[in-house]
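Throughout, numbering of the chain's residues begins at 1 and tracks the sequence. Whatever order the structure lists them in is the order used to number ligands and atoms, beginning at 1.
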Amino acid sequence: MEHTLLIDTDPGVDDALALLMALRAPNARVIGLSIAAGNVGLQHTVANALKLLDVVDQDVPVFAGCAHPLVQPAIDAAYVHGHDGFGDTGYTPSTRQPSAEHAALAILRLSHEYAGELTLVMLGPLTNLALALRLDPNLPKRIKRLLIMGAAVNARGNITPSAEFNVAFDPEAAQVIFSEWPQLELVDWEATLAHPVSRSLFDDWLGQGDPVARFYDAISLQTRAFIRGLHGEDFHSADALAMAAVLAPESVRWAGNFRVDVELAGALYRGATRVDWQHRDTRPANVRIAERIDEVSFHALLRRALGVA
Ligand code: BDR
Ligand code: CA
């Protein structure tokens, strides 16, 4: 299998689309879902992950992680994703159960079992991974690839004027990862804005797809209306774009490698990321920033996620 994936996620409507892309990709095997709090509280993000596995009828272990950021409390994004994170459709909960193992411990265990093979995909706040890294600083040596959806590389944020949600939810965790992980890949919020999908096209796919598309149509209805209010006829899905970069790395044009730091203290800029575009820092550049992802390949992955023939 080309990609062996461990996905850390806070589903969340765009997380759900990204997870469908991965779970339905012929070139990927998902060996676990570690769950973060973020878009909504942990009990909902865990329940949503379990439900999504029902929808695709696949058995993948689900590991519940940290219910709160490392240091300071944060506000969720229920106003975007619904109180339950899946558009408040009142779906029948899954009877599946999460594993008893904590997400941070599962990340470490699986990194040993799949040493050198594993791609870690981070679609939510970085709390679980920061904790895992603190428990075992040698973790990066066993990971083939780490791709993070997060940050706003020119400080044009979404949750505050300057900060992106996943980083702003747990800035300390993000700073642990950005300052200590030797080399990671980043798909940021501004890249998301640069890759709109036309609403009518997306609606066509939802109409043409299989029962998975009908589930996605229902859970994403509220969020799509919210995005429409903000961006008009364009639909954006941050986590789905990040998953496209994971599944089709050849379709990514990279801006290059840069040093990225997280602002922790600022009253206006807490959670913002500073990219050293001019390579002034003497520390090695550690973040490979995605600039462009080929539209044809992104759309093909979205269609397959929704079961469009
Ligand atoms: C990120 O924040 C969350 O609300 C989304 O699920 C995505 O991971 C975008 O900034
Ligand atoms: Ca997410």
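The local environment of CG in Asn27 is crowded, with over 12 non-hydrogen atoms from other residues, nucleotides or ligands closer than 6.0 Å. Annotation for Ile75: atom CD1 does not count as buried by contact number, only 12 or fewer foreign heavy atoms lying within 6.0 Å.
Here the side chains of Arg96 and Asp54 are in contact, with some heavy-atom distance below 4.5 Å. Side-chain contact check for Asn39 versus Phe165: some heavy-atom pair is nearer than 4.5 Å.
For atom 3 (C) of ligand 1, the nearest protein heavy atom (residue, atom name, distance) is Asn39 OD1, 3.1 Å. Taking atom 6 (O) of ligand 1 as the reference point, the nearest protein heavy-atom neighbour is Asp14 OD1, 2.5 Å. Here the protein heavy atom with the shortest distance to atom 8 (O) of ligand 1 is Asp239 OD1, 2.6 Å.
At least one N, O or S atom of Leu123 sits under 3.0 Å from the Ca ion (ligand 2). At least one N, O or S atom of Asp15 sits under 3.0 Å from the Ca ion (ligand 2).
Here's the thing with Asp10: none of its N/O atoms is less than 3.5 angstrom from an N/O atom of ligand 1. Between Trp189 and ligand 1, no N or O atom pair is found at a separation short of 3.5 Å.
The Ca ion (ligand 2) sits nearest to atom OD2 when only the N, O or S atoms of Asp239 are considered. Atom OD1 is the N/O/S atom of Asp10 found closest to the Ca ion (ligand 2).
In this structure, Thr9 OG1 and Asp15 CG are separated by 3.5 Å, a value rounded to the nearest 0.5 Å. Atom CE of Met21 and atom CD1 of Ile7 lie 10.5 Å apart (nearest 0.5 Å). Distance check: Ser34 OG to His102 NE2 gives 9.5 Å after rounding to the nearest 0.5 Å.
Close contacts between ligand 1 and Met149 involve ligand atoms 1 (C), 7 (C), 8 (O), 9 (C) [criterion: under 4.0 Å to a heavy atom]. With ligand atoms numbered from 1 in the order given, ligand 1 contributes 1 (C), 2 (O), 9 (C), 10 (O) to contacts under 4.0 Å with heavy atoms of Glu164. If you number the atoms of ligand 1 from 1 as listed, the ones under 4.0 Å from a heavy atom of Ala238 come out as 9 (C). Short contacts between ligand 1 and Asn166, defined as distances under 4.0 Å to a heavy atom of the residue, involve ligand atoms 1 (C), 2 (O), 3 (C), 7 (C), 8 (O).
When heavy-atom distances to ligand 1 are checked against a 4.0 Å cut-off, Asn158 comes that close only through its side chain, counted from C-beta outward. Contacts with ligand 1 closer than 4.0 Å are made by backbone heavy atoms (N, CA, C, O) of Leu123 only, the side chain lying farther away.
The aromatic ring centroids of Phe258 and His279 lie less than 6.0 Å from each other.
Between Arg283 and Asp276 there is no salt bridge, since none of the side-chain N atoms of the basic residue sits less than 4.0 Å from a carboxylate O of the acidic one. Electrostatic pairing of Lys144 and Glu117 does not count as a salt bridge here, judged by no charged N lying under 4.0 Å from a carboxylate O.
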